[in-house]
Enquirer: 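Let me begin by handing over the structure; questions about it come next.
If you're wondering where the values come from, they're calculated on a predicted model, not measured in any experiment. In what follows, chains carry the letters A, B, and so on, assigned in the order in which the sequence lines appear, proteins first and then strands, with residues in each chain numbered from 1. Excluded from the calculations below are hydrogen atoms, water molecules and symmetry mates; all remaining heavy atoms, backbone and side chain alike, are included.
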There are 2 protein chains.
Amino acid sequence: MTDTKTRILDAALALFNRFGERNVTTNHIAGELGISPGNLYYHYRNKAAIVSALFDRYREHLLTLLTVPEGPLTWEDKMGYFEGILASMWEGRFLHRDLAHFLHQDPVLRDRYKVFVEDSLARGLGIYQRLRDSGLIEASDEELRALLVNTWVLAASWPGFTHGLNPEISGDETLDRGLLRQGIYQIICLEAPYLRGEALDHLDAMKREYRLDETALDRLFGAVGQVRSE
Amino acid sequence: MTDTKTRILDAALALFNRFGERNVTTNHIAGELGISPGNLYYHYRNKAAIVSALFDRYREHLLTLLTVPEGPLTWEDKMGYFEGILASMWEGRFLHRDLAHFLHQDPVLRDRYKVFVEDSLARGLGIYQRLRDSGLIEASDEELRALLVNTWVLAASWPGFTHGLNPEISGDETLDRGLLRQGIYQIICLEAPYLRGEALDHLDAMKREYRLDETALDRLFGAVGQVRSE
DNA sequence: TGATTTTTAGAGTAATTACTCTAGAGGTCA
DNA sequence: TGACCTCTAGAGTAATTACTCTAAAAATCA
């Protein structure tokens, strides 16, 4: 059995992602674990400390994934890293969803978050530049920077967007996974115009791989999934 | 003097955008206007009713902007509509920021929001298709759909993203405007690869027009503004 | 075993805040 | 003028919820 401290984090993360931090009380977290509120507060001095600890975890994980070993990259590497990064951002989706409030009430987190975004974008740019060196992408530095920011914002916001259209299904493992994959599809489309060589050869296959089929889209998004001209 | 009912809405919108709905109490809104809480509750039966009314306003405004008159489009039309739409989404930024919570606690709003997104995307697709007919854009229907969703998510999330990096400056009119313009720049970059003809001719000018200069970027984003290679 | 530290329970508190209620002011129309 | 309706004030309430406090159980270690 893992220790209480991390069990609290796990339970909090699951509940926050599912219901939103605002709708999850500390008593609720304790209840979920079958422990007392007093016990919870023994491990974390307040609710913000839990959020902060979850942010640490998220940050560490994501920055690790954004550290790519030296050497030329293949499109398979690319997709691998890609999927990991997106999954990690999905895992920490409650953070981006309620970010404004966390930063509003915790100045320390505010600074740390800013540094985190800066780090992530810097590393992301490094990766994109190496993809360019490997001949998988063709774009100017300016294009790369804009693409990177757009990718970041999209990846960070996608869970919130899908949750807005499907608040009820959150927590269902397979459906969540479908939404995540559709997010990957959207980001593939984002960088599609800049792909070259090997990456371009596999573009169509990748699109088919990640794009949800019509019926799934229909179930998840209704009319949004397949925007029709009428 | 406008009537109290709309003054409440105006004050609430300003406060919500600035501090986030969660951090703005009904007493706070009343205090801002110099009226009593009782008076506020005479006009709106609860806080959610204020949010709902603001959503109505936002929805009406945006859908109007997404209704484009018949006939071929020029790139100037395009940029005009564009700026209006983005400004409108900026104006309603608190809605997207705290969307998850609003939808969580108000099932009626949930349904109306979903229809609203569906409508917006349908109209957006119509506009993109007409831009294609006018020779300003070249893309397949599938590309157009993906581009559209990405544009929507980016436009809706951009205010939240910038706010996360600069929580303190919210409310400053000129700085807010700068952030909005940088958002337009990001979206221009999003669709840049698909532009043709007249629109392509003006692409560089448009980029220069909307992109913040280095010093402003520096002030707003710090290291994020000009992501460096190392 | 006994001493000490860590962990847990759970009742209770203090503060916030959305919202209510009553009474009265101000306008309108007969 | 008086009846009536709309609007406003402001004190007060009820419910939520983050968090505290004391004491006891469990683990650790001499």
Enquirer: How close or far is atom C1' of dC19(C) from atom NZ of Lys47(B), stated in whole angstroms?
Expert: 12 Å

Enquirer: Looking at Tyr185(A), does the NZ or CZ of Arg211(A) lie under 6.0 angstrom from its six-membered ring centre and within 45 degrees of the ring axis?
Expert: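 Here Arg211(A) passes the 6.0 Å and 45° test against Tyr185(A).
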
Enquirer: Does the distance from a Lys or Arg side-chain N to an Asp or Glu carboxylate O, for Arg177(B) and Asp172(B), drop under 4.0 Å?
Expert: no

Enquirer: So which nucleotide from dC19(C), dG10(D), dG10(C) ends up closest to the side chain of Asn46(B)?
Expert: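 Comparing dC19(C), dG10(D), dG10(C) against the side chain of Asn46(B), the answer is dC19(C).
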
Enquirer: Does a side-chain N or O of Thr26(A) approach OP1 or OP2 of dC19(D) to a distance below 4.0 Å, or not?
Expert: no

Enquirer: Using whole Å, report how far CG of Asn27(B) lies from C1' of dA9(D).
Expert: 13 Å

Enquirer: Which nucleotide in the list dC19(C), dT8(C), dT8(D) gets nearest to the side chain of Tyr42(B)?
Expert: dT8(D)

Enquirer: Send over the distance from Arg22(A) CZ to dT16(D) C1', rounded to a whole Å.
Expert: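 To the nearest whole Å, that distance equals 13 Å.
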
Enquirer: Between P on dC21(C) and CG on Leu40(B), what's the gap in Å once rounded to a whole number?
Expert: 16 Å

Enquirer: Separation of Asn39(A) atom CG from dC21(D) atom P, in whole Å?
Expert: 17 Å

Enquirer: If you apply the rule side chain to side chain contact (heavy atoms under 4.5 Å, CB included), what do you find for Met79(A) with Ile188(A), and how did you get there?
Expert: CA-CA 10 Å; Met79(A) 290 313 296; Ile188(A) 291 174; 4.0 Å; yes

Enquirer: Could you grab the distance from atom CZ of Phe55(A) to atom CG of Leu109(A), nearest 0.5 Å is fine?
Expert: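 The CG atom of Leu109(A) is 5.5 Å from CZ of Phe55(A), to the nearest 0.5 Å.
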
Enquirer: Taking atom C1' of dT20(C) as reference, at what distance in whole Å does atom OH of Tyr41(B) sit?
Expert: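 Checked: the OH to C1' distance equals 10 Å.
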
Enquirer: Salt bridge or not for Arg7(B) and Glu32(B), using N-O below 4.0 Å?
Expert: no

Enquirer: Would you say Ser36(B) reaches dA9(D)'s phosphate, i.e. side-chain N/O to OP1/OP2 under 4.0 Å?
Expert: yes

Enquirer: Side chain of Ile35(B): nearest nucleotide among dC19(D), dA18(C), dA9(D)?
Expert: dA9(D)

Enquirer: Using atom CD1 of Ile29(A) as one end and atom C1' of dG10(C) as the other, report the distance to the nearest whole Å.
Expert: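 Atom-to-atom, Ile29(A) to dG10(C), this comes out as 17 Å.
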
Enquirer: Using heavy atoms to find the nearest nucleotide of DNA chain D for Gly38(A) and Thr25(A) separately, return the residue whose nucleotide is more 5′.
Expert: Thr25(A)

Enquirer: Taking only side-chain nitrogens and oxygens of His28(B), does any of them come within less than 4.0 Å of OP1 or OP2 of dA18(C)?
Expert: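 It does not, given that no N or O in the side chain of His28(B) lies less than 4.0 Å from OP1 or OP2 of dA18(C).
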
Enquirer: Which whole-number value in Å describes the distance from Gln105(B) CD to dA15(D) P?
Expert: 18 Å

Enquirer: Out of dG10(C), dT7(C), dC19(C), which has the shortest distance to the side chain of Pro37(B)?
Expert: dC19(C)

